[in-house]
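We name chains A, B, ... by the order of the sequence lines, and we start the count at 1 in each one.
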2 protein chains.
Amino acid sequence: MSQVTVKDVARLAKVSPRTVSNVVNDYTHVSDDVRRRVLAAIDELGYRPNLIARNLRTGRTGLLALIVPEIDVPYFSELARAVIDAASAHGYRVMIDQTGHDHERERQLLIGSDRTMLFDGILFSPLVTQDEIADLDSSTVLPTILLGEHTFTGRFDHIAIDNTRAAHEATTHLVATGRRRIAAVGAQPRETYRTPRQRTAGYLSALADAGLPLDDDLVVPAARYHRRDGYDATRRLLALDAPPDAIFCYSDLLAMGAMRAVQDAGRRIADDVAVIGIDDIEEGRFAIPSLSTVALDKDVIATRALEQLVRRIEDPSRPATQIVVPHQLIERDSTRRAA
Amino acid sequence: MSQVTVKDVARLAKVSPRTVSNVVNDYTHVSDDVRRRVLAAIDELGYRPNLIARNLRTGRTGLLALIVPEIDVPYFSELARAVIDAASAHGYRVMIDQTGHDHERERQLLIGSDRTMLFDGILFSPLVTQDEIADLDSSTVLPTILLGEHTFTGRFDHIAIDNTRAAHEATTHLVATGRRRIAAVGAQPRETYRTPRQRTAGYLSALADAGLPLDDDLVVPAARYHRRDGYDATRRLLALDAPPDAIFCYSDLLAMGAMRAVQDAGRRIADDVAVIGIDDIEEGRFAIPSLSTVALDKDVIATRALEQLVRRIEDPSRPATQIVVPHQLIERDSTRRAA
DNA sequence: TTGTATGCGTTATCAC
DNA sequence: GTGATAACGCATACAA
């Protein structure tokens, strides 16, 4: 583990450190002879450039931080995969931080209170983001891009999803298959977050468009978006005097729990109670029955996010932009009645 | 983004940079008065220590690399969560690299050919590790710990699972529920990897112990361990003249695909064809039907791994150790016949 | 094309 | 208990 430095290489190759550096970074044209000598010396000594030193000098680390609530939630792990791959294509590596649904932690990470000086940029994908991030002074912050599900504030670059429309389409699909008592699972207990609010808005407007009445009992909050939360909410729904004939879940993971709850209650998924989610995680494609959903293309989100973030790193003063990525309704068995 | 340095703080607080550093790192006893002044200056200037510089000086980065084949495979994302949390408890942050099943990439990352100088240590969780890593000269390598599923080579610290016994228990469970034609899904096409080889060994010995004959047709390879691979393998099994009445999958994800294939073939899971996996991913607990499995405790793996890795970082010369974490058979509905 | 010298921001060695 | 200064390894301005 003893450090071999440029100096050692330079000494062995009988050149200056400068030349070694030039060879390593293929800078200006170095004579083939010298290059060969340097390369040989590097090889012999097993020289490995010290990234930390290089980074101190250049001010860049080649490291991005991806901040998600929980990496083991499939939506985020699938997103992480796409982000890591996209970052790799731009020469960056990705560190993952989990906020664990802790707002204060989210804020801390976003303003880089901690040790964030290590990163060239931040990809921030909060499950629940408060309006207050809009109040952050983005000029003091590292190049940052918000992923998914938020309203454009004009302060941060931002890859958005049209939550309201996505929720509207999901609900309308349930209406189109003949459902009349459609529940919504995933509203937030406190109405402080944008994403669930938008999804609730889409749900409500779809009901209105279909001329269906709103029954407050059918709008069930979920503190988190885990399978367990979807399960518990659905158990409560099915215990109602007038249970729903369809459930729109604000995430696929909620929907997985919802399907299981319908099953455990002895009702038939799709025939008795249709279930639809949002996200299009792979798990839903193989579920029994397969889960209808509104697909969010994580590859597109990641690709566009990296393009944008790299641009901002190169030019921190450019104005913030918003990119809206499309979504797509995918009908599968969980909303399809038996023939 | 302009850097505020210790010097700026020192100037404002009218002390030396040394003192500022002492305050920041709670070193030697600084007088309360001075400490207060320094803290006030830090606050006023919004000073944030530059980690890169600190790291250059100390030789530590506080960063670990977690290397997995694919982060969006639930076993690995659940493991990553546990690792990130455990690392955080030790003051480390975690960067994630994906090898994408590329052996050469795995090797490169392991020997730190690239820019690995950035990390204080490596947690390496290959899906498929070749014997050849045993040939690596561990002395030239960063502190490294191998996670799960390998044979102890004496070169690297190593958190192991008793694959042979786990597979034996899974198979024996199927025997105990009255199955006689038990298939195995997940053997590797080329017998170069240890984990699947060990699992196959456990399967075979369980058959032998039960006095059941081996039918080569029932041992099906899977190139990867995705749902799709389990699905395809199972379709082939069910198309046999004498299809199996139970399927032991080498991972839960394979088993999820297997269950779906049984369903699609119009057979009943558990009653006609029992399915069991290994891993105990959360997805299996909510699946319809719930998936029997052999649980590997990822929290224990992560916790022990970090203890061990931190020890090695502090003392690189200590001998390599192997820790075997226990596993546990969990019976759920996918192997339970209807009453 | 290559060599010399300086500084990135921090911590550590030495004095005081 | 605190202040000045060197050094970590690299990249680059400047000089040759």
Self-check item: Any donor-acceptor pair under 3.5 Å from B:Arg304 side chain to B:Asp299 backbone
Solution: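 No, the answer is negative, given that no donor and acceptor are paired below the 3.5 Å cut-off.
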Practice problem: Salt-bridge test for A:Arg81 and A:Asp85: reply yes if a basic N is under 4.0 Å from a carboxylate O, no otherwise. | Solution: yes
Exercise. For B:Thr19 and for A:Val6, locate the closest nucleotide of DNA chain D by heavy-atom distance; then report the residue assigned to the nucleotide nearer the 5' terminus.
Key: B:Thr19
Quiz item: Between B:Arg37 and B:Ala53, which has a closest nucleotide on DNA chain D that is more 5'?
Solution: B:Arg37
Self-check item: Shortest non-hydrogen contact between A:Gly62 and A:Asp120, atoms and distance
Solution: N-OD2, 2.7 Å
To the nearest angstrom, how far is [X] atom [atom1] from [N] atom [atom2]?
X       : N      : atom1 : atom2 : value
B:Ile52 : D:dC10 : CD1   : P     : 15 Å
A:Leu56 : C:dC8  : CG    : C1'   : 4 Å
B:Asp8  : C:dT10 : CG    : P     : 9 Å
B:Lys14 : D:dT2  : NZ    : C1'   : 16 Å
A:Arg11 : C:dG3  : CZ    : P     : 14 Å
B:Arg60 : D:dC8  : CZ    : C1'   : 15 Å
B:Leu51 : C:dC8  : CG    : C1'   : 15 Å
B:Asn50 : C:dG7  : CG    : C1'   : 13 Å

Self-check item: Nucleotide nearest A:Ser21 when distance is taken to its side chain, options D:dT12, C:dT10, D:dC8
Solution: D:dT12
Quiz item: Looking at the side chain of A:Asn25, which of D:dA11, C:dT1, D:dC10 is the nearest nucleotide?
Solution: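 That would be D:dA11.
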Exercise. Check step by step if side chain to side chain donor-acceptor pair (under 3.5 Å) holds for A:Arg54 and A:Asn50.
Key: CA-CA 6 Å; A:Arg54 173 180 293 171; A:Asn50 182 326; over 6 Å; no
Any side-chain N or O of [X] under 4.0 Å from OP1/OP2 of [N]?
X       : N     : answer
A:Asn22 : C:dT1 : no
B:Arg18 : D:dG3 : no
B:Ser16 : D:dG3 : yes
A:Thr58 : C:dC8 : no

Quiz item: Base, sugar-phosphate, or nothing: which does A:Asn55 touch, judged by heavy atoms less than 4.0 Å apart?
Solution: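 Contact class for A:Asn55: none.
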Quiz item: What about B:Arg57, does its side chain sit under 3.5 Å from the base of C:dT11 through a donor-acceptor pair?
Solution: yes
Practice problem: Could you tell me whether the side chains of A:Asp97 and A:Thr99 share a donor-acceptor contact shorter than 3.5 Å? | Solution: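 Result is no, nothing qualifies.
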